[in-house]
Amino acid sequence: MSQPDRTLGFPDGFVWGTATASYQIEGAVTAGGRAPSIWDTFSHKPGAVHNGDNGDVADDHYHRYREDVGLLADLGVTHYRFSLAWPRLQPDGKGPINTEGLDFYQRLVDELLAHDIQPWVTLYHWDLPQTLEDAGGWPARDTAQRFADYAAMTHGKLHDRIRHWTTLNEPWCSAFLGYAAGAHAPGRTEPAAALAAAHHLMFGHGLAVAAMRAQDGDSQLGITVNLTPVSPATEEPADVDAARRVDAVSNRLFLDALLRGRYPADLSADVAMISDFGFVQPGDEAVIAAPLDFLGVNYYFRETVRFGTGAPSDNPHARAWVGSTDVEPVRTGLPTTAMGWEIDPTGLYDVLSWVHREYGPVPIYVTENGAAFDDDAEADGSIRDDDRITFLDSHFRATLRAIDDGADIRGYFVWSLLDNFEWAYGYAKRFGLIHVDYATQVRTPKASARWFAEVTRRNGVPHVFRQNDAPADIR
């Protein structure tokens, strides 16, 4: 006798969504008064991006947003997390709002609301106006004030239709991949500048939260950080200390400042030969620690590390570990995604539980989680991405386990809605639930999209996961 098809359910009202970023999908980089961002400049620099790819067209979402909202509706999501392009709304990084850019986002928001999908916006997902980089970029303190002004201006125009506002996406990447490793825009390799950039990103966040809170006390305000549990390769003291140092610069730098109002003391000692933190002025840490309504957590992989030789690394994340150039990442033998990242859903449980345990009862949303795989089409044109389904199922279950253990987790956004411009990897890596043919812009839902639509319908995952379960219908 067959067992009934039971579901492991998420809490009532759990938020289900997908996520994108402006430069990765919008294209139309000169339309409607938009000016260049640092990613426009960086992606056109020879050798900076795989295959010389750039975001000039990307998914052409600027012109195809109605079609994409229809795909979102088919997925059954309650929310859509997307970013606003600063150089589309304020081309020079200062001055009045660009009405053509504002009109695009107003039309997008109206389309979402017409489909009962709540917009969840990110004000900054890495596309700094090039004019501000020319003036010093995030290592310059003035950029924090420019960001707060942009946030207040944009929030003032859109807060009547948008409830959830995220200031920054992954400030670690902006600061350390952009200014230390040189792997992301603007492509600088200046460790001291990266530390200053991290502080000014966080200071700008705090200023922006205060400005938006003053305009509308009902807005839900937060920030998204990418968190990476860091494990030592062995219990040797040198490896344990290596893990501590990477954890300080990757995780605690941001969480301690946001939720404890101070930077971790051990980090200051770790980077003393690089910077004296003189860019931190009295009162800055109190501004950064402005009360949050939620914390967004992005998770992709765990780092396992050891004390090494200090030889140059080809791993951009390792090159970004300011103060820890003698630390090496270690493979543990787990299966990997197409990005080469080890698949470890337990790491998601660990990081969610750690935030809840160490930092108190802050509402958490998993604002990004997903995987790139080599998605091959079947003879009939369908795309059976079983690896992605297995990946998402295991990470959903890890989240349920954290909820059962008391963590206040209220939603989950899958990365990504669409295959898109994957930063320095160009169009070589595909994270999407929806396949995009970049030559024709034809969208094709993958099997994972149909499976995810069933998850959102159930508000849960099957009690027993069967790889060959028939996915729900989706166009």
So do I97 and Q90 actually touch side chain to side chain, heavy atoms under 4.5 Å?
no
Polar side-chain atom of H50 near backbone of A424 as donor-acceptor pair, under 3.5 Å
no
Pair W120, T166: side-chain N/O donor-acceptor within cut-off below 3.5 Å
yes
Are the charged groups of D350 and R302 less than 4.0 angstrom apart, N to O?
yes
Salt-bridge present (R388, D393; N to O < 4.0 Å)
no
Step-by-step side chain to side chain donor-acceptor pair (under 3.5 Å) determination, Y23 to S83
CA-CA 9 Å; Y23 189 72; S83 72; over 6 Å; no
Using a strict 4.0 Å threshold on nitrogen-to-oxygen distance, state whether K446 and D375 make a salt bridge.
yes
Ring centroid separation for F294 and W165, is it under 6.0 angstrom?
no
I'd like to know if R443 and D68 make a salt bridge, using a cut-off of under 4.0 Å between side-chain N and carboxylate O.
yes
Less than 4.5 Å apart, side chain to side chain, heavy atoms only: is that true for V225 and L295?
yes
First locate atom CZ of F421, then atom CD of E26, and finally report the distance between them rounded to the nearest 0.5 Å.
13.5 Å
Report yes or no: is the cationic atom of R260 (NZ for Lys, CZ for Arg) closer than 6.0 Å to the six-membered ring centre of Y359, at no more than 45° off its axis?
yes
Does H199 reach the side chain of I288, with side-chain heavy atoms less than 4.5 Å apart?
yes
Shortest non-hydrogen contact from P91 toward T131:
O-OG1, 4.2 Å
For the backbone of Y299 and the side chain of N226, can you confirm whether one donor and one acceptor N or O come within less than 3.5 Å of each other?
no
Charged N to carboxylate O under 4.0 angstrom, R252 versus D266?
yes
Answer yes if the side chains of Y300 and T337 hold a donor-acceptor pair under 3.5 Å, and no otherwise.
no
How far apart are the closest heavy atoms of R34 and A28, and which atoms are they?
CD-O, 4.1 Å
Name the residue from W16, Y349, F391 that meets the ring pair (Phe, Tyr, Trp, His ring centres under 6.0 Å) definition with F396.
W16
Closer than 3.5 angstrom, by distance alone: can the side chain of S250 be matched with the main-chain N or O of D247 as a donor-acceptor pair?
no
To the closest 0.5 Å, what do you measure between CG (L352) and CG (L227)?
8.5 Å
Taking the six-membered ring for Trp, are the ring centroids of Y65 and F104 within less than 6.0 Å of each other?
yes
Do you see a donor-acceptor pair shorter than 3.5 Å between the side chains of T367 and N298?
yes
Over 60° means perpendicular and under 30° means parallel, so tell me whether Y365 and F413 are parallel, tilted or perpendicular.
tilted
Any chance the side chains of N420 and S416 put a donor and an acceptor closer than 3.5 Å?
yes
Under-4.0 Å salt bridge between R161 and D110
yes
Hey, are the side chains of Q24 and F431 touching, using non-hydrogen atoms and a 4.5 Å cut-off?
no
Of all heavy-atom pairs linking G101 and L89, the shortest is C-CD2, 3.8 Å
Would you call the rings of Y150 and W86 parallel, tilted or perpendicular if under 30° counts as parallel and over 60° as perpendicular?
parallel
R244/D270 ion pair, N-O < 4.0 Å:
yes
With distance as the sole test, does T18 use its side chain to make a donor-acceptor pair with the main-chain N or O of V414 at under 3.5 Å?
no
Is the NZ or CZ atom of R141 positioned over F279's six-membered ring, under 6.0 angstrom from the centre and within 45° of the axis?
no
Under 30°, 30 to 60°, or over 60°: which ring-plane class applies to F42 and W39, parallel, tilted or perpendicular?
perpendicular
Measure the spacing between OG of S22 and OH of Y105 and express it to the nearest 0.5 Å.
5.0 Å
Does R88 pair with E100 as a salt bridge, N-O distance under 4.0 Å?
no
Check this for me, if you would: do R306 and D326 make a salt bridge, where the nitrogen-to-carboxylate-oxygen distance has to be below 4.0 angstrom?
no
Under a plain distance cut-off of 3.5 Å, with no hydrogens placed, do T444 and H435 share a side-chain donor-acceptor pair?
no
Got a donor-acceptor contact below 3.5 angstrom from the D241 side chain to the A238 backbone?
no
K45/D40 salt bridge by N-O under 4.0 Å criterion:
no
Any residue meeting side chain to side chain contact (heavy atoms under 4.5 Å, CB included) with D149, in chain and number order, not counting sequence neighbours
Q145, R146
Please answer whether the main-chain N or O of N54 pairs with a side-chain N or O of Y427 as donor and acceptor at a distance below 3.5 Å.
yes
Measure the spacing between CG of D239 and OG1 of T304 and express it to the nearest 0.5 Å.
10.5 Å
Do M212 and H159 make a side-chain contact, defined as non-hydrogen atoms from C-beta onward lying under 4.5 Å apart?
no
Go through the steps for H61 and L108 under the test side-chain contact (heavy atoms from CB on, under 4.5 Å), then give the verdict.
CA-CA 10 Å; H61 175 74; L108 172 59; 4.1 Å; yes
Which of parallel (below 30°), tilted (30 to 60°) and perpendicular (above 60°) describes W341 and H317?
perpendicular
Would a 4.5 Å heavy-atom cut-off, applied to side chains only, mark P316 and F176 as touching?
no
Determine whether L221 and T167 satisfy the following criterion, side-chain contact (heavy atoms from CB on, under 4.5 Å), listing intermediate values before the conclusion.
CA-CA 8 Å; L221 308 178; T167 53; over 6 Å; no
By side chain to side chain contact (heavy atoms under 4.5 Å, CB included), E133 pairs with (sequence neighbours left out) I38, L128, Q130, Y179, P186, R188
Say whether, by atom type as modelled, one donor and one acceptor occur between the side chain of H200 and the main chain of A196 under 3.5 angstrom.
yes
Presence of salt bridge, K94 and D92, under 4.0 angstrom:
no
Can you confirm whether V121 sits close enough to I162 that some side-chain heavy atom of one is under 4.5 Å from a side-chain heavy atom of the other?
yes
Judged by atom type as modelled, is there a donor-acceptor pair below 3.5 Å linking the side chain of R81 to the main-chain atoms of W415?
no
Report yes or no: does D437 contribute a side-chain atom to a donor-acceptor pair with the main-chain N or O of A439 at less than 3.5 Å?
yes
Work out which heavy atom in L207 is nearest to a heavy atom in A144; give both atom names and the distance.
CD1-O, 4.1 Å
Once you round to the nearest 0.5 Å, how far does OG of S268 lie from CG of L195?
9.5 Å
Please determine, by modelled atom types, if S219 and H155 share a side-chain donor-acceptor pair under 3.5 angstrom.
yes
Modelled atom types, side-chain donor and acceptor of E328 and S313, under 3.5 Å:
no
For the residue pair W423 and H184, does the interplanar ring angle fall in the parallel (under 30°), tilted (30 to 60°) or perpendicular (over 60°) class?
tilted
Can you tell me how far CZ of R107 sits from CG of L112, rounded to the nearest 0.5 angstrom?
12.5 Å
For the side chain of T122 and the backbone of N169, is there at least one donor-acceptor N/O pair under 3.5 Å apart?
no
Side chains of F82 and L417, heavy atoms from C-beta outward: is any pair under 4.5 Å?
no
